**Student:** 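Here it is: the structure, laid out below.
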There are 2 protein chains.
Amino acid sequence: MAAKIKDVARLAGVSTATVSRVLSNEGYVSEEARKSVLAAMEQLRYQPSRLARSLRVQRSRIIGLLISDIQNPFFISLVRAVEDIALQHQYAVFLCNADENSEKEKFYLDLMQAERVAGVIVSPTRERDDPCLQLFQADIPFVVIDRKLADVNVDTVVVDNIQYTYQLVKHLLEDGHRRIGAVLGISTATTGRERYEGYAQALTEYQLPLSPELLRTSIPREENGYHLTNELLDLAEPPTALFVGNNLLTVGAFRAISERGRTIPDDIALAAFDEVDWMSLVKPGLTVIKQPTYDIGRTAAELLFQRIADPLLSVQQITVHCTLNIRQSCGLHQNTGVPASQVVQAAQKEREIV
Amino acid sequence: MAAKIKDVARLAGVSTATVSRVLSNEGYVSEEARKSVLAAMEQLRYQPSRLARSLRVQRSRIIGLLISDIQNPFFISLVRAVEDIALQHQYAVFLCNADENSEKEKFYLDLMQAERVAGVIVSPTRERDDPCLQLFQADIPFVVIDRKLADVNVDTVVVDNIQYTYQLVKHLLEDGHRRIGAVLGISTATTGRERYEGYAQALTEYQLPLSPELLRTSIPREENGYHLTNELLDLAEPPTALFVGNNLLTVGAFRAISERGRTIPDDIALAAFDEVDWMSLVKPGLTVIKQPTYDIGRTAAELLFQRIADPLLSVQQITVHCTLNIRQSCGLHQNTGVPASQVVQAAQKEREIV
DNA sequence: ATGAAAGCGCTAACAT
DNA sequence: ATGTTAGCGCTTTCAT
C-alpha cells in the first residue's frame, strides 16, 4: 500500500506531528526538519490520505453537484463554472446526474451526505422535493440552481423565467401570430411552470384564449419535443408559431418540423428558451432566450463557499439576467413594437437581489 | 452533527458491533436485535459515514472518471454509461474534467489518489503521460479510454481511428476529390495522430502527395476548428473537400464555411469524425463516423470493475466498432466504389480483442 | 449471538 | 520547535 505519514516521519527522523505541520504549513517547524520531511515525502512518493484527513477534521474538501440532466448542454458550462470555482478553493467536485428521476436524485443526495461532502449544489427535479428538504434539515450547506424549491428559504440562483418567456412570446404576438403553441417541460419543476405562466401572461395581454390543445408538456428530452411537436402539427388547425421551453425539446421540435418538410419561419415560427452553440449553424437561426449558464454556475459556487465559510450568513436568492437573441426563426420583425436592440439592452448580465 | 453508530447502538441497547452487523447484513444477529437497531436508525435518521467506513476497510466505493473535455458531447453519453454501471455496483462516480490541460490532469489524478478511489477511468491528454504512469505504478486499477497510452500494458477501450478515417477519406476520394484538407486535433493524443495516419494512408493509396499546407492541427476546440478552416479556405488553391477529426472542430469548420457563404457540398465537401445529435438538423446532413460512445463507457466501466475484483486478471485492450453515417455533405456518391450500405454493414457494434 | 477493543491515517491539543 | 497522545466513525478479530 501507499506510504503513510508514519513512514514519512520515521524516514525523516521526526514525529508525525511535525510531518503534519509541514503538510499544512502551520505551526513552527525548523528549516532543517522541513527539508528532511520534504525529502522523505519525495522519496516515498507520499500522497496524504484526504480520506483520513476528512474524517479527522470532520469535513471533506468536496462539494457535490447534482444536476437534473447531464445530456442537457445547459448544465455543461454550468458544471465547468462550478469546477473552476471549486478548484480555486482547493475543493473537488462530486458530480451526479439525476437524469430527471427523483429516485436517482434521492440516492445521490443520500450518497453525498454519507460521503460527508462540505456542501451541495442541486437543481431539484421537483418543486416540493423531500430529499432536498432532508439535506436542509441535516444542516448541510446547499444552493439551489435553475429551479426553485418550495417550503424552504435557501440560497438560490435562477433566472426570471416568467418575464423572459413573456417577452419572447410577446415578440411572436407582435409579429402577428395569434395561434401560438407551447411545448414545455413538466410543471413539477418551477422552470416548466413559470415558463407556462409567462406564455399565459402574454396571450392574456393580447386577450387570446389559453387553448389546452395548444399546450403540451413532458419531461424535457429530445424525443418528447419531437412527439409533442408532431401532436401540435397534427391538429386540425395547427399553430402558426411555437414556443419551446427548453433546448432538448427544441432539438426534437426542430426535427419534427424539418421531417415534415415545413419551413421555419414561413410555415411555422419558432422561438425557444435556452441557447446552444449549434443553433448558430442551423438555418434559419433560432430566436432564443440565452441563459448565462457559466455565470449561474459561478454564482452558485461562490454562494456555496460563502455559506460553508459562514453558515449563519443571510440567505441570498439571486436572479441572473438573460439575453434575448433575435434571429430569423420567428420571421421578419418590422412590426415589432419593441426594437430588438432595446430588448437586448435591457438584458445585460447584471444581477439583482430579489 | 449527524448521528453516529454509537448513538444508534446506545438507543438500541446493543453494541456498535451489532449495529455494524445489521448494516452490512453479515454475521449473526437475532431478529429482536435487528429490529431495535433498525428502529433506532430510523429514529435518529442515521446515515452511516462512508468516509469512516472507507478509511477502515481501506477502499472507497468511488471510481474516478477523468475525461479530457467536458464540453465535448462525445464524453457525455460516455459519462452516462459509466454512471449507470457504477450505480449497479453501488459505486459513485467522481467526475473530473482535464480540459485538455495536462496540469489539470495531474492535479485530478493526484486528487483521486489522495481520495483513495477504488479505480480510475481516464482519457489521457497525451500519449506519454506521466501522471497516468504514476497511477499505474501505484497499483491503482485503471482503464484508459478513447486515447491510447504508451509504455504500459493497461486495460484500454478505443476505436480503430486509422481504419475508419481511411474509409472516410477514401469515400471523399471516390467522389472525385483530389485536394483534401485535414483539420485535426493535436497529435500528442493518439486520436489525433491515428486520424492523421488514416488520412495519409488513403491519400497515399491514391498516390497523392501529403501536402503540409493542407494539414492543420490544434487542441480540439470549436474556435480552433474555425480558425484552421479559415486558414485552409484562404489558401491560394483551397481544398475541395475537408476531413475534420473531431466534433468540436467540426462545429468551427461548419461555421467558417457558412460565414463565407460557401455551400456544402457544392463549394466544399465535408466529412468528419464523431456524430452529434444536432448534425441531423443542419443541412446538408454531415457524413461522419459515429462512435458508440455509450458502449465505450459501459465497456470501460465493466473492465474497471473486473480489474477491481481481480487485479491479476490479464490486461484487455478492446477495440469497439464505429458506424459510417453517409449523408449529403460530401456530395453525391454515385461514383462510390463501396456502396454505403455495405460500409455500414461492416461496422456493426461488435467487439474484438486485439 | 453479542460485546470489547484495536486500529484505518490523519490532526490538534497539550506537554515539554 | 517538537513529540505524545487521543480520537474522528467505522469494521473486525477475538472472546465469551
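Here is the naming used below: chain letters follow the sequence lines, and residue numbers restart at 1 for every chain. Quick caveat, the model's predicted, so the values are computed rather than measured.
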**Student:** So, is Ser54(A) near the phosphate of dC8(D), with a side-chain N or O under 4.0 Å from OP1 or OP2?
**Tutor:**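 Looking at the OP1 and OP2 atoms of dC8(D), neither is under 4.0 Å from any side-chain N or O of Ser54(A).
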**Student:** According to a strict under-4.0 Å criterion, is Thr16(A) in side-chain N/O contact with OP1 or OP2 of dG9(C)?
**Tutor:**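 No, Thr16(A) has no side-chain N/O under 4.0 Å of OP1/OP2 on dG9(C).
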**Student:** So does Arg21(B) reach the base of dG3(C) with its side chain, donor to acceptor, closer than 3.5 Å?
**Tutor:**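 Under the 3.5 Å cut-off, the side chain and the base do form a donor-acceptor pair.
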**Student:** With a 4.0 Å limit, can you tell me whether Ser15(A) has a side-chain N or O closer than that to the phosphate oxygens OP1/OP2 of dG3(D)?
**Tutor:**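 Answer yes for this pair, as a side-chain N or O of Ser15(A) is under 4.0 Å from OP1 or OP2.
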**Student:** Rounded to the nearest 0.5 Å, what separation is found between the NZ atom of Lys6(B) and the OG atom of Ser15(B)?
**Tutor:**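 Nearest 0.5 Å value for the NZ-OG distance: 12.0 Å.
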**Student:** For Tyr91(B), give me all partners under ring-ring contact (aromatic ring centres under 6.0 Å, His included), at least two apart in sequence or on another chain.
**Tutor:**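 Once residues adjacent in sequence are excluded, the partners of Tyr91(B) under the ring-ring contact (aromatic ring centres under 6.0 Å, His included) criterion are Phe305(B).
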**Student:** Would you state whether a donor and an acceptor, one from the side chain of Arg116(A) and one from the base of dG9(D), lie under 3.5 Å apart?
**Tutor:**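 In this structure, the two groups form no donor-acceptor pair.
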**Student:** Measuring from atom CZ of Arg221(B) to atom CG of Asp69(B), what distance do you get when rounded to the nearest 0.5 angstrom?
**Tutor:**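 Between Arg221(B) CZ and Asp69(B) CG, I get 6.5 Å after rounding to 0.5 Å.
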**Student:** OP1 or OP2 of dG9(C) sitting under 4.0 Å from any side-chain N/O of Ser49(A)?
**Tutor:**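 Answer is no, no contact under 4.0 Å.
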**Student:** Check Lys35(B) with Glu31(B), please: is the shortest side-chain N to carboxylate O separation under 4.0 Å?
**Tutor:**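 No, no charged N to carboxylate O under 4.0 Å.
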**Student:** Considering only dT2(D), dC10(C), dG9(D), which nucleotide approaches the side chain of Ser30(A) most closely?
**Tutor:**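 Of the candidates, dT2(D) comes closest.
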**Student:** Have a look at the helix from dA1(C)-dT16(D) to dT16(C)-dA1(D) and give the angle its two end axes make, five pairs each, rounded to 10 degrees.
**Tutor:**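 Roughly 40°, once rounded to the nearest ten degrees.
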**Student:** For dG9(D), take OP1 and OP2 only and decide whether either is under 4.0 Å from a side-chain N or O of Gln58(A).
**Tutor:**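 Checking dG9(D) against Gln58(A), a side-chain N or O does come within under 4.0 Å of OP1 or OP2.
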**Student:** Is the phosphate of dG3(C), meaning OP1 or OP2, less than 4.0 Å from a side-chain N or O of Tyr28(B)?
**Tutor:**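 Looking at the OP1 and OP2 atoms of dG3(C), neither is under 4.0 Å from any side-chain N or O of Tyr28(B).
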**Student:** Is it the case that Ser54(B) and Ser60(B) place a side-chain donor and acceptor less than 3.5 Å from each other?
**Tutor:**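 The answer is no; no qualifying pair exists.
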